[in-house]
There are 2 protein chains.
Amino acid sequence: MNPLAIPEIVIRRIPLYLRTLALLREQGQTVTSSQEIGDRLGISATQIRKDLSYFGEFGKQGTGYDVRYLEEQLCRILQVDRDWSLVLIGAGHLGKAILSYGGFEEGGFSIAAVLDKDRRKIGSRIGDLEVQDIASLPEAIAEHHVRIAVVAVPVSDAQDVVDALVDAGVKAILSYAPSPLALPEDVHVEYIDPVVGLQSMTYYLDPLHR
Amino acid sequence: MNPLAIPEIVIRRIPLYLRTLALLREQGQTVTSSQEIGDRLGISATQIRKDLSYFGEFGKQGTGYDVRYLEEQLCRILQVDRDWSLVLIGAGHLGKAILSYGGFEEGGFSIAAVLDKDRRKIGSRIGDLEVQDIASLPEAIAEHHVRIAVVAVPVSDAQDVVDALVDAGVKAILSYAPSPLALPEDVHVEYIDPVVGLQSMTYYLDPLHR
DNA sequence: TAGATTGTTAATCGATTAACAATC
DNA sequence: TAGATTGTTAATCGATTAACAATC
């Protein structure tokens with residue numbers, strides 16, 4: 001419909017370019033090339049240049065790309081040049097692992113509140129945060145201007161939680177519950193499902209003969 | 001090269017079909033259609049029929065698919081009609097969350113051993129398992145006939161761990177470390193990276209005006 | 001039978017890649 | 001300058017979809 005719309009598949013590769021640029025920067029490299037980024041990711045150099053060309057010109061012929069500059073530009077494009085507040089639903093083992101993982105902060109996200117429905121968990125502290133009652137979801141979301149939620153609850157609770165999130169105005173959901181969720185069209189969702197990854201790898205493994 | 005090779009993108013959708021079939025089965029449904037599966041997943045019915053046709057004929061005209069039969073066949077195709085032993089590397093918060101998550105077992109995988117390099121963790125128990133020294137990796141892999149590993153260690157350790165896994169004969173790796181790994185061609189890898197998912201959603205969110 | 005749904009072909013659509021002029 | 005690498009066009013490749021005969 002929109003002739004300027006950028007293919008979603010391109011958008012999904014930009015975070016990978018960012019990962020690679022961060023790595024190169026940490027290794028002290030200041031300049032890189034589409035070839036080098038591609039080699040690291042197993043993607044062709046042409047594809048990387050083509051992807052970037054949707055957004056502008058970021059390199060210099062003969063030289064390549066300034067690592068910091070390109071990183072900065074891609075952050076701006078993905079809108080991660082600002083900080084996004086998240087709410088985390090679910091304070092079980094997975095929730096705790098998510099809270100202790102520094103990668104969200106590094107990626108431009110900060111977890112502003114943790115909520116759970118379990119009375120035994122509500123009020124307990126995890127790191128800097130106190131687990132809140134899921135009933136106070138609307139307040140937590142309003143207070144921190146949250147538009148993104150991370151769902152780390154059992155499959156059986158996931159749809160209810162997601163319905164509540166949508167009612168509270170959340171526009172993007174990262175779900176660790178491995179079941180397809182029903183959502184309005186204007187709410188984005190991404191699934192984290194390790195079993196899906198494992199199951200597509202077993203297809204390629206030689207069958208065991210024992 | 002191989003004219004009979006099935007597109008990887010098709011293989012990656014089969015686990016999603018399995019998820020949906022399991023859900024339908026749990027809801028007591030015995031028969032389904034490509035339309036219904038597609039509606040749940042946001043995929044066209046035609047695509048599902050086309051995907052299945054790479055492997056054979058599983059339905060009945062006018063009726064649809066027997067839920068249990070199709071589930072069984074797809075499990076067979078992906079080789080998850082058997083049990084795969086995994087080793088888990090990393091006994092931190094994430095490792096514990098992975099161990100407490102029942103989804104692996106349900107999906108055809110069982111975690112046979114947990115290993116870590118941290119002296120303070122080695123010897124401690126998590127659930128049914130005792131954390132082993134990473135140095136005993138080759139023995140653990142041989143003992144349990146392991147060909148798949150789950151990596152839940154910091155980025156700084158990931159490449160070393162993966163090198164050791166490859167040396168020990170592992171052929172598939174599920175990595176929670178968000179950095180591209182260097183691997184031989186015959187070793188499969190899947191990445192679990194929540195930040196990549198979040199960062200591609202922020203692209204689509206309306207910019208905040210404050 | 002009539003209605004429903006599959007499996008498959010051919011057409012369309014979109015993504016990747018090869019090639020190369022531009023230029024640092 | 002010569003060599004390197006970008007940005008972009010056109011060609012190729014592959015995936016999705018529309019259409020429909022087959023048939024339960």
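In what follows, every chain begins at residue 1, and chains take the letters A, B, ... in the order their sequences are listed.
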Along DNA chain D, 5' to 3', what are the outermost nucleotides having an atom less than 4.0 Å from a heavy atom of chain A? D:dA4 to D:dT9
[X] side chain to [Y] backbone, donor-acceptor under 3.5 Å:
{"X": "A:Ser200", "Y": "A:Val196", "value": "yes"}
{"X": "B:Tyr204", "Y": "A:Ala172", "value": "no"}
{"X": "B:Tyr54", "Y": "B:Ala5", "value": "no"}

Going by an N to O cut-off under 4.0 Å, is there a salt bridge joining B:Arg12 and B:Glu8? yes
Decide, yes or no, whether a salt bridge links A:Asp193 with B:Arg19 under the criterion of side-chain N to carboxylate O below 4.0 Å. yes
When rounded to the nearest 0.5 angstrom, what distance separates CG in A:Leu78 from CD1 in A:Ile11? 6.5 Å
Side chains of A:Val10 and A:Phe55 in contact at under 4.5 Å (non-hydrogen atoms): yes
May I ask you to test the B:Leu94-B:Ile98 pair for a side-chain heavy-atom distance under 4.5 Å? yes
Members of residues 54-64 of chain A that approach DNA chain C, where some heavy atom sits under 4.0 Å away: A:Lys60, A:Gln61, A:Gly62
Note: contacts of residues 20-36 of chain A with DNA chain C (heavy atom, under 4.0 Å) are none
Are [X] and [Y] linked by a side-chain donor-acceptor pair shorter than 3.5 Å?
{"X": "A:Gln79", "Y": "B:Gln199", "value": "no"}
{"X": "A:Tyr17", "Y": "A:Asp51", "value": "yes"}
{"X": "B:Glu139", "Y": "B:Gln132", "value": "no"}

For A:Thr46, which contact category applies under a 4.0 Å heavy-atom criterion: base, sugar-phosphate, or nothing? base
Sugar-phosphate, base or nothing in reach of B:Ile9, heavy atoms under 4.0 Å: sugar-phosphate
In chain order, what residues pass the ring pair (Phe, Tyr, Trp, His ring centres under 6.0 Å) check against A:Phe104, with sequence neighbours excluded? A:Tyr101
By nearest-heavy-atom nucleotide on DNA chain C, the more 5' of A:Arg49 and A:Glu8 is A:Glu8
Should stems be defined as at least three consecutive Watson-Crick or G-U pairs with both distances under 3.5 angstrom, which of them involve DNA chain C? C:3-24 with D:3-24
Residue pairs, two or more places apart or on separate chains, that pass salt bridge (Lys or Arg N to Asp or Glu O under 4.0 Å) and touch residues 162-182 of chain B: B:Lys171-B:Asp186
